[in-house]
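The chains referred to below are lettered A, B, ... by the order of the sequence lines, with proteins before strands, and numbering in each begins at 1. Atoms considered below: every heavy atom in the structure, side chains included; atoms not considered: hydrogens, waters and symmetry mates.
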Amino acid sequence: MTALLTRRTVRAGMAAAAALAAIAVTSGPASAAELDITYDASGSTDVATTGSTIALGPTTLATSLDSTTGAFTGTMELPAAHTDFDAAGFIPMSADVTFEEVGQVSGSLSADPAGGGSDVSATAEYDIRLSDIKVVGFPTFTGSRCRTKEPVTITIANPPDQPFAVFSGGRLTGSYSIGDFANCGLNTWLVNALVPGGGNTIALDLSNPRTS
Amino acid sequence: MFKKTMLVGAAASAMVLCAPAMAQAAPPYTVSVGGSSATADHSFTASSVGAITFTVPLDTMTCTSADASGKVHSGTGMSGAYTPPSPPWNNPATISGSTWTGCSEQFGTPLQVTQNGDWQLEVDDPSVTSAQTDVVQGDITHIDAHVQDMIGGAVCDFEVTGSANASFDEAKQQLDVNETGDGSLIVSAVTQNCLGFVSVGDVATFKGTYNISVPDGAVNIS
């Protein structure tokens, strides 16, 4: 990592002034700066209604972290994935699944009160788009606009007994609900009969932190 | 290396006016241990009282506790400053080792802190007296500390050097380090910049209080 890669979006004058103020007064709070940190990310999500597992990534989570508050925003684009499952327990189906990012990931980072690392939580919204739906291997007419009517809100956090390590990474898990789909052509009723529901889980492993 | 405040100066002046019977001691200093000012080295240990804090502009680091050890140098006619080659010693104490426990940065990431070389306690306080009640002003100089993450310094690895304001409370036998960030203590080298939290030249602060224990007896600086 070179210094050039270390982009501090520091409001330079403000940070300098803040630093001077901190020096003049006490050893107290550090100055504020936005630090751009990127992690490699990969994981999977289990869709409860279909009993299927969808791979997430590999991709990157690019964040901008407020050095003082621990608040961050970021982006994590997810590559398309493929899933197979059995409808009604015996009808083989498959589909391509794309999680399309809606807005930015937002979250917070803080010291784990139990020690040993950080507590992190983040919320992201994605439209889930389905394409190339096949039933018993046969293509069905779905079109290119088959997606959830509303973005799916996914909140993830480190498990209580697994503090996150800012300097090395860690696992984030969560659960979410999937709402109804629209614009799936003749398959809309089928998709909405099979996919929407709660209890879906996600696990994401972050690693290889670096400035960006 | 020495830092005096106007307040200390004013207090010293007031003491001169109000307590003429109390012996004043500007340099040279006499350092005695257990009542003896004979030239000698006396082992000491130090244990922190509460947490130790260390900050740079973008990060705050704490250690839950710290211990230190070294030698108190008793003697007379001392300038108060570290004047190598030593011995003979002109400063009252040398901190030759320290251990830092429970260190982490502000988001909880564990850190490892190690002391490099000997650190020196220097004094510069013309207001000290022979009484066992002074709070003697000075500095810890020649500070050189290596800080790294617990994964071998892969992401966070830097060095802090310089000096820190300190005072020694003779009555409590406590050393209070209170470097508020005047630029005398800085990040002098960065191998890994802790994801941008630390940069070369960052001004550092350092706060901690240590109980000093000297088996040979209480330390007095006059």
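Ring centroids of A/Tyr39 and A/Phe164 are separated by less than 6.0 Å, placing the two rings close together.
Ranked by non-hydrogen atom pairs under 4.5 Å with chain A, the options B/Ile151, B/Asn178, B/Thr64, B/Asp149 are led by B/Ile151. Comparing B/Ala154, B/Cys194, B/Ala204, B/Gly108 by how many heavy-atom pairs each has under 4.5 Å with chain A, the most go to B/Gly108. Here A/Ala111 is the residue among A/Ala111, A/Gly70, A/Pro163 with the most heavy-atom pairs under 4.5 Å with chain B. Of the listed residues (A/Gly116, A/Gly115, A/Ala165), the one with the most heavy-atom contacts under 4.5 Å to chain B is A/Gly116.
Shown here for B/Ile52 and B/Gly208, the closest heavy-atom pair between the two residues is CD1-CA, 3.9 Å.
Counting only N and O atoms by type, the side chains of B/Thr141 and B/Glu122 include a donor and acceptor under 3.5 Å apart. Checked by atom type, the side-chain pair B/Asp41/B/His73 shows a donor-acceptor distance below 3.5 Å.
Proximity to chain B involves both the backbone and the side chain of A/Ser168, based on heavy atoms less than 4.5 angstrom apart. Only the side chain of A/Ile37 comes within contact range of chain B, judged by heavy atoms closer than 4.5 Å.
Residues B/Asp176 and B/Lys207 are not paired through a salt bridge, judged by the lack of any N-O separation under 4.0 Å between the basic side chain and the carboxylate.
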